[in-house]
2 protein chains.
Amino acid sequence: MTEIEKTLENKSVRPTAMRILIYKYMAEKDIAVALTDIENAFAKADRTTLYRTLKTFEEKGIVHQIDDGTGISKYALCEPGCNCELDQDLHLHFHCGNCDETVCLTEHKIPHINLPEGYIAEDANLVIKGICEKCSGQ
Amino acid sequence: MTEIEKTLENKSVRPTAMRILIYKYMAEKDIAVALTDIENAFAKADRTTLYRTLKTFEEKGIVHQIDDGTGISKYALCEPGCNCELDQDLHLHFHCGNCDETVCLTEHKIPHINLPEGYIAEDANLVIKGICEKCSGQ
DNA sequence: ACAATAAATGCACTTCCGTTGCACTAAGAA
DNA sequence: TTCTTAGTGCAACGGAAGTGCATTTATTGT
């Protein structure tokens, strides 16, 4: 039994062939992936399957969904200590306007914001847009 | 000539009847509005016209577009000193999960974030999700 | 091993929002 | 008035998310 299979089982997700492949695909990339990306990578599989796999992964805390402002939902694997389902790991995301890639900056947490009277914060999303490391180095 | 007409002309937007109505509608609301909201408010007008009006307003710095994470673009009038087109007025937005309304918190600016080496920030978007003033008071 | 049951996958279709092309109309300039 | 430009309306497209249902694959109990 591989590491990936163990990881999936730990999160009570049955490690089917498709799921292992998708997990592997995401693990190899260091950037957030969209459903379309996975679709292109696995042309043989049906979009619904990939869609529902991501949803399952999300529910079980294997990946977290990222809204980077492009209008396209992206997903990234949760880090070992990622508590995104508890809204306790509010790391920020960086979207590069050049290569259109989105990365998690897991080391950078969203600073605490003082809200006006009456407002109750439950979640936060911070996306920085600009030029990423790879593109600025060109 | 009304205040609104003056405002529009100052931003070099011809104050047509439709545009004045839309501006008035947005001014009366203290929350960000979606195209659909305007559509419902002006059932007689065509969606394209409303859409293009918002786009014109946005280009000319009359409104700014807001991505509140719902997947639906919203728009709010720019405040007198709002320099959103210059990315110098990075105020944050609050989205209420109860009433689904989004407000600009113009007094609250996005704090400066130190990015890793190589990353160049050009813009930022911070959305706090939770319960708004109106809904928490219930 | 077998049937019974549940989960996963694939196909077709729908909905929603944003967007564009083109024709028509109204408004400002010569 | 005529010319020109800007604004409006109609129709249609396209991408992405999401749903219902049939089929296949895997797991459980006997």
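Sequence lines set the chain letters: A, B, ... in the order given, protein chains first and strands last, and positions in each chain run from 1.
When the options Arg19(A), Lys11(A), Arg14(A) are evaluated for a side-chain contact (heavy atoms from CB on, under 4.5 Å) with Thr56(A), the one that passes is Arg19(A). None of Ile131(A), Leu126(A), Val103(A) except one satisfies the side-chain contact (heavy atoms from CB on, under 4.5 Å) rule with Phe94(A); the exception is Val103(A).
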Letter by letter from the 5' end, nucleotides 7-13 of chain D scores (B base, S sugar-phosphate only, - none; protein heavy atoms under 4.0 Å) SBBBBB-
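In this structure, Leu35(A) places its CG atom 10 Å from P of dG18(D), rounding to the nearest Å. The distance between atom CD of Glu39(A) and atom P of dG18(D), rounded to the nearest whole Å, is 14 Å. When rounded to the nearest whole Å, the span between CD1 of Ile72(A) and C1' of dG18(D) equals 16 Å. What separates NZ of Lys74(A) from C1' of dA16(D) is a distance of 13 Å, to the nearest Å. What separates CG of Asn40(A) from P of dG15(D) is a distance of 12 Å, to the nearest Å.
Between the side chain of Asn40(B) and the main chain of Asp37(B), no donor-acceptor pair closer than 3.5 Å is present.
When hydrophobic side chains of Ile, Leu, Val, Met, Phe, Trp and Tyr are connected at separations under 4.5 Å, Ile66(A) ends up as a singleton with no cluster partners.
Residues Pro116(B) and Leu105(A) meet the side-chain proximity criterion, which asks for heavy atoms closer than 4.5 Å.
Along DNA chain C, read 5' to 3', the first and last nucleotides having any atom under 4.0 Å from a heavy atom of chain B are dC17(C) to dC22(C).
Salt-bridge annotation for Lys6(A) and Glu3(A): present, with a side-chain N of the basic residue lying under 4.0 Å from a carboxylate O of the acidic one.
Checked by atom type, the side-chain pair His93(A)/Asp67(A) shows no donor-acceptor distance below 3.5 Å.
Separating the CD atom in Glu101(A) from the SG atom in Cys135(A) is a distance of 7.0 Å, to the nearest 0.5 Å.
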